[in-house]
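One structure below.
Chain identifiers are assigned alphabetically (A, B, ...) following the order of the sequence lines, protein sequences preceding nucleic acid strands; residue numbering begins at 1 within each chain.
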Amino acid sequence: MNEKDKSEVLLNYRLAYRSESNVNWCPALGTVLANDEVKDGVSERGGHPVIQKKMMQWSMRITAFADRLLEGLDQIDWSNALKETQRNWIGKSVGAALFFDIQDHPGQIEVFSTRPDTLFGATFLTLAPEHELVDAITTAERSEAVAAYKEKAASRSERDRMADTKTISGCFTGAYALHPITKAQVPIWIGDYVLASYGTGAVMAVPAHDSRDYAFAKHFDLPIVEVVEGGDITKESYDAKSGKMVNSGFLDGMDCMNAKGKMIEHLEEIGYGKGATQFKLRDAIFGRQRYWGEPIPVFYENGIPKTLPLEDLPLTLPAVDAYLPTEDGEPPLARAKNWTYNGCPLETTTMPGWAGSSWYFLRYMDAHNETEFAGESTVAYWNQVDLYVGGSEHATGHLLYSRFWTKALYDLGYITFDEPFKKLINQGMIQGISAFVHRINGTNTFVSAGLKDQYETHPLHADVSFLQGDELDVEAFKNWREEYKSAEFILEEGKYICSREVEKMSKSKFNVTNPDDIVIKYGADVLRMYEMFLGPIEQSKPWNTQGLSGVAGFQRKFWKLFHRDGTFAVSDASAGKNALKAAHTCIKKVGEDIENFSFNTSVSAFMIATNELTELKANNREVLEPLVRLIAPFAPHLAEELWEKLGGTGSVTHTTYPQHNESYLIESSKNYPVSFNGKVRFQLELPLDMDKDAIEKVVLEDPRTLEQIGEKQVRKMIVVPGRIINIVIG
RNA sequence: GCCUUGGUGGCGGAAUUGGUAGACGCGCUGGAUUCAAAAUCCAGUUCCUUCGGGAGUGCGGGUUCGAUUCCCGCCCAAGGUACCA
């Protein structure tokens with residue numbers, strides 16, 4: 001084996017390896033585009049056609065960690081929703097790999113199926129149009145049709161193909177496979193509902209028991225054979241995993257769940273299959289055709305990739321004459337002069353954004369360490385991130401990649417934990433109201449929103465700062481980008497109107513609003529508290545500033561508690577019972593809310609206490625001083641100022657957080673709602689220590705009860721002490 | 001399409017274990033103060049009503065003495081869908 005072959009073999013096992021993968025290639029721009037930048041088969045910028053193209057890329061073998069990424073979820077304190085998203089993304093399924101011989105062709109087609117029990121019902125095979133065997137097996141008379149179909153499929157993105165379940169398309173290759181057991185001829189089709197990137201890129205179609213295969217078979221009039229009893233296959237496929245096997249030779253009469261194991265055994269005996277586990281998770285592509293990104297420290301000696309020695313790191317980005325791809329479509333680093341190591345060419349792709357985001361939090365532990373990313377004692381001290389607050393949009397990207405990266409570093413012995421974030425809270429996304437202009441396809445003419453249905457158009461983001469209401473400042477838009485300089489506009493009533501949509505606030509959607517104006521007008525404390533007051537932390541909502549004045553008013557009112565006629569005035573006399581109750585109710589509520597990350601309700605609790613204390617004219621140090629300490633995390637500037645005025649030393653953040661005193665909160669009576677057939681009719685004030693029987697007696701004697709009952713009978717009486725009284729009459 | 005989350009007044013939202021739906025704030029209406037305005041303060045504000053009540057937490061069912069809360073079926077919106085991070 002020569003050095004090159006050795007290197008190839010090793011790459012099959014390494015964490016980082018090179019392989020061919022599909023990318024969105026835009027020939028006109030000479031560059032690879034993100035899915036985000038492709039809309040309906042054309043580039044968002046410029047509207048140029050985009051095709052799927054294979055490209056040699058560095059990848060990371062995250063699939064080697066699939067099982068550990070699943071198991072690790074059980075040890076971390078994340079929301080079930082997020083864990084579920086990751087589980088589904090990893091998508092573990094247990095089934096079998098099956099091999100089909102091909103008639104008049106030496107190769108075999110491997111398929112993965114979670115239902116090997118239904119093998120006798122496999123009436124055709126469907127391959128992804130990109131499957132490597134397609135060209136080899138296609139017969140001469142079918143080659144033209146197959147080539148045309150492949151071309152059509154290449155113009156659709158994977159997402160389009162998955163989303164579009166209504167249009168059924170496919171093409172017969174003219175070739176046949178042989179059923180592993182019956183040796184019957186099984187026609188081989190290609191269809192774009194089979195994705196090259198999942199499994200083996202080929203499925204054995206069992207139309208009777210899989211809905212997509214069923215639709216395909218109906219559409220192309222292919223045979224449908226029932227092998228599991230329980231449904232009516234003349235109407236729809238029967239996908240449930242229960243029922244007796246029929247038309248299945250040695251499996252007939254078995255329950256399908258038992259048949260699954262039996263079939264795998266049989267396939268292993270005859271050498272046409274084996275038990276297998278499949279993951280939806282794919283390896284992560286690690287190369288980008290961009291300038292900004294960490295350069296990959298790899299050079300090529302005689303075409304063999306080799307890593308740079310440690311002493312020659314770090315490798316820094318070279319100077320280039322333009323941050324653009326080269327004329328012949330090479331990445332920007334190919335523009336650099338002398339981008340070589342000892343005369344060997346260096347890698348020209350750069351690392352993706354997720355490379356850095358996967359472990360920045362580890363470097364933060366020891367940011368000034370020049371010799372390693374974090375020293376041993378530092379890692380031991382800081383350990384995992386205790387609480388990570390991040391949006392759920394990162395669920396299957398950053399939050400999975402960083403778990404993978406952490407596990408890899410743990411295996412290498414650099415860190416002592418293999419999960420990065422112990423507890424995670426998904427804060428909701430602040431959304432923005434995006435603005436769209438509508439470009440007529442294939443032109444540089446933009447049509448106002450009200451008229452867009454009269455043309456074939458394509459929506460494009462416009463920066464919200466160009467809008468007054470929904471009207472676009474056309475000049476500002478034209479000056480935005482070179483390509484819009486010559487744009488023309490079809491107006492309605494002399495105006496260009498944009499359409500609007502709520503989306504996550506993001507630079508790429510040009511719907512960002514800056515909070516600086518609010519800080520200038522109201523101060524940072526008001527902005528901070530208003531953001532908390534907006535709603536539950538995990539909920540997404542469009543940014544709006546309507547309620548700001550309420551928080552500003554509250555902070556003024558809170559300040560006024562400490563002042564009389566503009567001068568500081570706090571009394572040392574002891575506070576009354578009601579004032580103590582108001583303050584301690586607030587202390588209790590805020591304390592609980594902080595534990596639950598329910599900041600919107602703690603702001604509400606502050607408002608209630610402040611309103612009550614204002615009403616009571618309570619300016620006693622006994623109640624105000626603990627409230628200052630309580631509010632410090634919510635309105636730190638305000639709290640520090642008042643703390644100083646109260647004569648406190650140092651920062652208020654260094655004092656202890658207040659604890660409520662239960663004895664100030666005890667209630668002696670409850671205003672019971674009294675309902676009849678579930679409808680509240682009147683209120684009744686009763687002592688809280690009154691027992692069920694006594695309550696029943698008092699209620700039944702109440703004249704208002706007698707009036708409600710009237711001629712009717714009391715059927716049932718429900719008394720929940722401390723909560724409710726319900727009388728069922730009829 | 002698939003996965004995840006959510007839907008309660010004009011608006012943001014509250015409601016412990018199934019127990020008074022609408023806390024708190026915005027907005028709105030009326031009033032006080034003011035030459036006037038801002039600011040501030042007071043009162044009201046889910047809808048309908050024949051003023052007895054009735055309806056009501058996206059829609060349609062169900063369980064229960066009682067459902068925003070639990071169950072079944074739908075609708076709508078947001079996020080993700082592997083090169084935005």
Side-chain angles (χ1 to χ4, degrees), chain A residues 21 23-24 31-38 57 62 79-89 91 157-166 193 197 212 280-290 293 352-354 356-357 390-398 400-401 426 428-429 431 501-504 506-509 530 533-536 538-542 544-551 553-554 556-557 560 592 598 600-608 611 671-683 715-718 720 722-730:
Chain A
S21 51
V23 294
N24 301 310
T31 186
V32 173
L33 295 176
N35 284 339
D36 223 45
E37 298 163 320
V38 184
Q57 300 265 28
I62 188 172
S79 74
N80 282 326
L82 189 48
K83 289 183 181 180
E84 196 57 21
T85 308
Q86 291 207 344
R87 282 191 197 104
N88 291 331
W89 182 260
S157 70
E158 208 167 79
R159 200 186 299 178
D160 284 343
R161 284 165 58 171
M162 283 191 288
D164 185 5
T165 52
K166 291 193 183 90
Y193 77 100
S197 56
R212 279 172 312 173
K280 220 174 271 169
L281 182 70
R282 307 204 294 250
D283 281 335
I285 300 171
F286 201 66
R288 295 291 183 268
Q289 289 66 36
R290 315 232 163 156
W354 65 266
S357 69
S392 61
E393 75 270 30
H394 297 294
T396 58
H398 167 54
L400 197 61
Y401 293 135
N426 272 143
M429 271 162 288
Q431 298 162 317
E501 221 171 283
V502 172
E503 295 184 296
K504 71 170 170 174
S506 156
K507 274 180 282 183
S508 65
K509 298 183 189 300
Y530 177 63
F533 189 55
L534 267 176
E538 68 278 7
Q539 216 166 89
S540 293
K541 59 179 63 71
N544 84 71
T545 53
Q546 276 178 17
L548 261 173
S549 65
V551 174
F554 155 73
R556 254 197 311 272
K557 208 165 171 180
K560 277 191 194 165
E592 290 167 355
S598 178
N600 56 326
T601 51
S602 21
V603 174
S604 163
F606 278 118
M607 288 172 169
I608 294 168
N611 289 344
N671 201 14
Y672 279 94
V674 182
S675 341
F676 294 84
N677 293 340
K679 290 194 166 67
V680 180
R681 291 300 171 209
F682 62 88
Q683 313 269 321
R715 302 275 177 205
K716 198 171 178 181
M717 189 153 176
I718 293 114
V720 184
R723 284 202 193 273
I724 196 174
I725 297 155
N726 188 20
I727 301 163
V728 185
I729 54 174

Chi angles and distances behind the side-chain hydrogen bond (donor to acceptor under 3.5 Å, both in side chains) call for N611(A), K557(A): CA-CA 8 Å; N611(A) 289 344; K557(A) 208 165 171 180; 2.8 Å; yes

Q289(A) vs Q57(A), side chain to side chain contact (heavy atoms under 4.5 Å, CB included): CA-CA, chis, key distance, verdict: CA-CA 10 Å; Q289(A) 289 66 36; Q57(A) 300 265 28; 3.6 Å; yes

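When both distances must be under 3.5 Å, the Watson-Crick or G-U wobble mate of C2(B) is G80(B).
Phosphate contact (OP1/OP2 of U40(B), side-chain N/O of R556(A), threshold under 4.0 Å): present.
Relative ring orientation between W354(A) and F286(A) is described as perpendicular, the plane-to-plane angle rising above 60° on a 0-90° scale split at 30° and 60°.
Distance noted for atom C1' between G9(B) and A23(B): 14 Å (whole Å). A gap of 26 Å separates the C1' atoms of G12(B) and G80(B), to the nearest Å. Going from the P atom of C47(B) to that of A85(B) covers 49 Å, rounded to whole Å. A43(B) and A37(B) have their P atoms separated by 22 Å, given to the nearest Å. Rounded to whole Å, the C1' atom of U57(B) lies 26 Å from the corresponding atom of G52(B). To the nearest whole angstrom, the two P atoms, one in G60(B) and one in U8(B), are 16 Å apart. With C1' as the reference atom, C26(B) and C3(B) are 36 Å apart, rounded to whole Å. Taking the C1' atom of each, C84(B) and G19(B) are spaced 48 Å apart, rounded to whole Å.
Positionally, the nearest nucleotide of RNA chain B for I608(A) lies more toward the 5' end than for the other of T396(A) and I608(A).
G13(B) shows a glycosidic angle more than 90° from 0 and is accordingly assigned anti. For G9(B), the base is syn relative to its sugar; the glycosidic angle is within 90° of 0.
With hydrogens and angles ignored, no donor-acceptor pair closer than 3.5 Å exists between the side chain of N88(A) and the base of C3(B).
When the shell of 6.0 Å around CG of N671(A) is examined, it contains more than 12 heavy atoms from other residues, nucleotides or ligands.
Rounding to the nearest 0.5 Å gives a distance of 8.0 Å between OG1 of T396(A) and CD of Q86(A).
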